[in-house]
Each structure stands twice: as structure tokens, then as C-alpha cells.
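A, B, ... follow the sequence lines: proteins, then strands. Residue 1 opens every chain.
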Protein chains: 2
Amino acid sequence: MATRRAEKMEETRQRLLAAARVAFAEKGYAAASMDDLTAAVGLTRGALYHHFGDKRGLLLAVVTEIDAAMAARAHAIGQQCGTLWDALLAEGAAYIDMAREPEVQRIVLLDGPAVLGDPSQWPSQNSCLQTTTQVLRRLIADGTVRAVDPEAAARLINGAALNAALWVAASNTPEEVLPKAQEAFRVLASGLLA
Amino acid sequence: MATRRAEKMEETRQRLLAAARVAFAEKGYAAASMDDLTAAVGLTRGALYHHFGDKRGLLLAVVTEIDAAMAARAHAIGQQCGTLWDALLAEGAAYIDMAREPEVQRIVLLDGPAVLGDPSQWPSQNSCLQTTTQVLRRLIADGTVRAVDPEAAARLINGAALNAALWVAASNTPEEVLPKAQEAFRVLASGLLA
DNA sequence: ATCGTTACATACGGGGCGTATGTCAACTCG
DNA sequence: CGAGTTGACATACGCCCCGTATGTAACGAT
């Protein structure tokens with residue numbers, strides 16, 4: 001089949017994606033130059049526009065990739081918990097933790113919403129949100145959690161966690177602030193219990 | 001003394017601010033042209049850079065203004081409540097409501113954080129956050145709310161509310177979604193009660 | 001009345017994005 | 001096996017926009 005060609009093409013796509021992650025994370029979306037970014041991996045803007053359409057398309061691809069990785073990681077952590085409720089708390093803590101990484105923070109939490117709009121409208125559908133919603137739905141079904149709209153609760157929980165993470169990361173003393181944030185998260189989440 | 005001059009100067013400052021609010025809200029920060037913006041009120045970029053330093057400075061001024069207005073409005077609503085706890089819930093609901101306005105959403109929630117960084121680091125100190133923190137401090141003191149870090153709890157509460165608002169506004173059917181969001185907010189907040 | 005200050009306009013340079021066009025290698029098919 | 005076609009990527013161009021340096025005219029002080 002057309003393997004040789006498609007193979008190489010996929011490789012350049014990945015190289016561009018990787019370079020974009022670094023550039024967007026370090027300089028931010030607006031300040032990242034497409035010329036510099038492509039040159040860093042030995043290509044030109046031609047390749048970029050061929051693969052991703054425009055600068056925004058590139059950001060979308062990067063965000064989708066990171067979002068999927070986050071959701072997978074959170075899901076894996078949740079799986080290791082004895083009860084579903086513990087899984088929910090653990091996933092929340094995981095989000096707070098992940099959002100401390102500069103790459104996640106800058107790209108997914110700050111530039112992502114500004115450039116691509118509300119996360120729930122992204123094509124990736126915000127996998128993180130989906131994961132949390134699923135867990136909540138089951139918790140409501142088995143009576144652990146009060147009867148609220150699962151999607152609404154998931155959005156609030158996620159928003160709280162991500163906001164907490166932003167706070168921790170921007171703090172001068174993250175080590176002191178992190179436990180406070182996690183404790184507050186647990187207290188707040190307990191409001192959902194039946 | 002130097003009133004005539006200072007008076008006029010203040011007026012042009014306000015005109016620029018007003019034009020910026022409109023432009024940033026309608027086109028978004030990145031797509032808003034400083035040339036167009038200033039021309040819309042019969043001035044040039046010269047005036048703008050004289051008053052605000054740069055494009056970012058203009059956004060900061062706009063954000064500060066809106067933030068102050070939001071905090072004032074929330075505070076006023078809280079004052080009308082019988083108990084402090086009701087005030088907290090009412091303020092939360094007010095934030096959800098205010099964040100539905102396109103101006104607030106686009107400027108304060110989306111572009112603000114992306115361009116200016118984490119809201120808690122803004123010079124305006126995010127008045128909204130301050131207000132909520134104050135109320136929480138008093139609620140903890142009088143034993144209504146469990147002993148958590150007030151700032152942490154305020155950040156989470158605010159994050160949840162604002163995220164909910166983004167969700168409502170981006171939804172296709174805001175009327176259906178709004179009550180779900182408000183209900184979920186109340187349930188979540190109840191976790192703070194002692 | 002003169003001079004310094006300052007609010008604002010004009011002019012200039014640099015850079016970045018998107019697109020139109022070119023090129024060359026890889027696959028297809030007779 | 002060779003000619004044609006497709007497609008991945010490079011090159012070239014125009015446009016817009018930001019920030020700054022420079023100019024100017026009005027206002028206030030002395």
C-alpha cells in the first residue's frame with residue numbers, strides 16, 4: 001500500500017505537534033512564531049498549513065492530544081480506587097496535580113479557552129469532563145450522590161479543581177498552598193454526598 | 001487647579017475605555033485592532049499608548065473596571081440577604097448570572113487569564129474573590145462553615161461558579177441549563193456547612 | 001508674553017499570518 | 001517500465017498590526 005509515504009507524513013505531523021507543544025508552553029499561543037516553530041524541526045510554514053490548516057488548527061490538535069492524555073491518566077488513577085466515590089476524589093486530586101504542569105496550564109487552561117472557546121465545545125469534547133461525568137452518573141445511580149444533573153456537577157467539580165490548580169501554580173509557595181487546595185476540594189465535594 | 005485640562009483628559013480616557021470594552025467583547029482581544037478601536041472614538045493610537053502604555057495595559061484597565069463592577073453588584077446582592085450563608089449562595093448565583101453577559105465572559109473569563117495570567121495575581125486582586133473570601137472568613141468564625149482555608153474555599157467556589165456560567169452561556173439551550181447549574185452549585189456549596 | 005510641559009497625532013520599522021504558486025518525489029496505470 | 005498525476009512541502013508575496021520615535025499645538029506657570 002501507500003505505506004512509505006504515509007509513514008513519513010505521519011512522522012512530520014508528530015514532529016510538528018511536539019514542537020508546537022514546546023513553543024506554545026514556553027511562549028504562549030500569541031507569542032509563538034510559526035516560522036520559528038517549524039524551523040526548529042527543520043521544516044517551513046508550508047508543512048504546517050498543509051497539515052493543520054492554520055495556527056488555530058495546530059493549537060486544537062495539541063490541546064486534543066494533551067486532553068486525551070490527562071483523561072487517560074485520571075481514569076487509570078480512578079480505577080485503582082476501592083470505591084467509586086474515592087475514585088472521584090482521586091481524579092479531582094489528579095486534575096489539580098496535572099494542572100500544575102506548565103504545559104497543561106498554559107496551553108489547556110489559559111490559551112485553549114481564549115482561542116478555541118469554551119472547553120465543553122471542543123471537538124475532543126473535553127475528555128476530562130466526560131470521565132468525571134461518567135463516574136458521577138454511576139454514583140448517582142447507586143445512591144451515593146444526591147440526585148443532581150451529572151453534567152452540571154461534573155462541570156462544577158472540574159472547574160473547582162482546575163481553578164485550584166491555577167491558584168497553586170501561580171502561588172509563591174506551592175508546597176504550602178497545595179494541601180489547602182486539596183482539603184478544600186474534598187470538603188466541597190462532600191456536599192454531593194446523599 | 002489644572003482642572004480644564006485634567007477634565008478633558010479624563011474624558012478621553014473614559015472614551016477609550018468604553019471603546020475597548022466594546023471592541024474586546026465583540027472581536028476578542030487578539031482580533032481587536034487598536035487603530036480601529038481608537039478611530040471609533042475619533043482618536044489615534046497615540047492617545048491610547050499615552051494613557052495605557054500598550055494593548056495589554058488597556059485590557060488590564062478594562063478588566064479592572066469590570067471586575068470592580070461585578071464585585072460591587074455581588075456585594076450589594078449579598079447585603080440584602082438575611083443570613084451570611086444565604087449571602088454566599090446569592091453571590092455565587094449572581095456570579096453565574098453575570099458571567100452570562102458576553103462582555104464579562106469574553107473579556108474577564110477567556111481573554112483576561114490568557115493575556116494577564118492567573119486572576120488572583122491581577123492588580124485588581126480580583127475583587128470578586130476578595131468579597132467571597134471575606135464572607136467565608138466570617139462564616140467560619142461564627143461556626144456555620146467548617147474550618148477550611150477561606151481563600152482556598154473561595155477560589156474553588158468562584159471557580160465552580162464561573163465555570164458553570166461558561167457552560168450555561170455556551171449551551172444551546174441556556175434556559176434549560178441555568179437551573180441545573182444553580183442547583184448543582186447549591187448542592188456543592190452545602191459541603192462547606194459544619 | 002514667553003517658555004516648558006504634555007496630550008495627542010504622524011511616521012517608521014519589524015514581524016507575523018495566511019495564501020498563491022512552484023517543485024520534486026512517490027504512487028498509478030497502461 | 002515509463003509517462004502522467006497526485007500530493008507533501010518549500011518559496012514568495014501582500015496585508016495587517018503592534019510598538020516606538022518624532023513632531024506639534026495647546027495649556028498652564030511665572
query = With A/E26, which residues qualify under side-chain hydrogen bond (donor to acceptor under 3.5 Å, both in side chains), at least two apart?
reply = none

ring-ring contact (aromatic ring centres under 6.0 Å, His included) contacts touching residues 81-122 of chain B (sequence neighbours left out) = none

key: Length of the CE-P vector between B/M9 and D/dG28, whole Å   = 13 Å

key: Partner set under side-chain hydrogen bond (donor to acceptor under 3.5 Å, both in side chains) for A/R21, not counting sequence neighbours   = A/E65, A/E103

key: Between P of C/dT6 and CZ of B/R13, the distance in whole Å   = 17 Å

List the atom pairs, donor and acceptor, that lie under 3.5 Å between side-chain atoms in residues 169-194 of chain B and the rest of the protein, sequence neighbours left out.
from   : atom 1 : to     : atom 2 : distance (Å)
B/S171 : OG     : B/T173 : N      : 2.9
B/S190 : OG     : A/R146 : NH2    : 2.9
B/S190 : OG     : B/V187 : O      : 2.5

ask   = Going by number, which of residues 39-49 of chain B have a non-hydrogen atom under 4.0 Å from DNA chain D?
value = B/R45, B/Y49

task = Could you state the atom-to-atom distance from CG of A/D54 to P of C/dG18 in whole Å?
result = 5 Å

Salt bridge (Lys or Arg N to Asp or Glu O under 4.0 Å) involving B/R138 - partner list, sequence neighbours excluded = none

message = Restricting to salt bridge (Lys or Arg N to Asp or Glu O under 4.0 Å), what partner residues turn up for B/D111, sequence neighbours left out?
response = B/R106

ask   = With sequence neighbours left out, what residues match A/D86 under side-chain hydrogen bond (donor to acceptor under 3.5 Å, both in side chains)?
value = A/T83

message = Angle between the end axes of the helix from C/dA1-D/dT30 to C/dG30-D/dC1, five pairs per end, to the nearest 10 degrees?
response = 10°

Listed once per pair and sorted, the ring-ring contact (aromatic ring centres under 6.0 Å, His included) pairs that draw on residues 10-45 of chain A, sequence neighbours left out = A/F24-A/Y29

inquiry  = Once salt bridge (Lys or Arg N to Asp or Glu O under 4.0 Å) is applied, do any residues pair with B/D35, and if so which ones, sequence neighbours excluded?
reply    = B/R45

message = Short of 4.0 Å, heavy atom to strand atom, which residues of residues 19-36 of chain A count as contacting DNA chain C?
response = A/A32, A/S33, A/M34

ask   = Over how many whole Å does the gap from A/K55 atom NZ to C/dG15 atom P extend?
value = 15 Å

request  = For C/dA7, take OP1 and OP2 only and decide whether either is under 4.0 Å from a side-chain N or O of B/H51.
outcome  = no

ask   = Between atom CZ in A/F52 and atom P in C/dC17, what is the gap in whole Å?
value = 15 Å

ask   = Please give, in whole Å, the distance from D/dT20 P to B/R56 CZ?
value = 14 Å

task = Rounded to the nearest angstrom, tell me the gap between atom CG in A/L37 and atom P in C/dG15.
result = 18 Å

ask   = Under 4.0 Å between a side-chain N or O of B/H50 and OP1 or OP2 of C/dA7?
value = yes

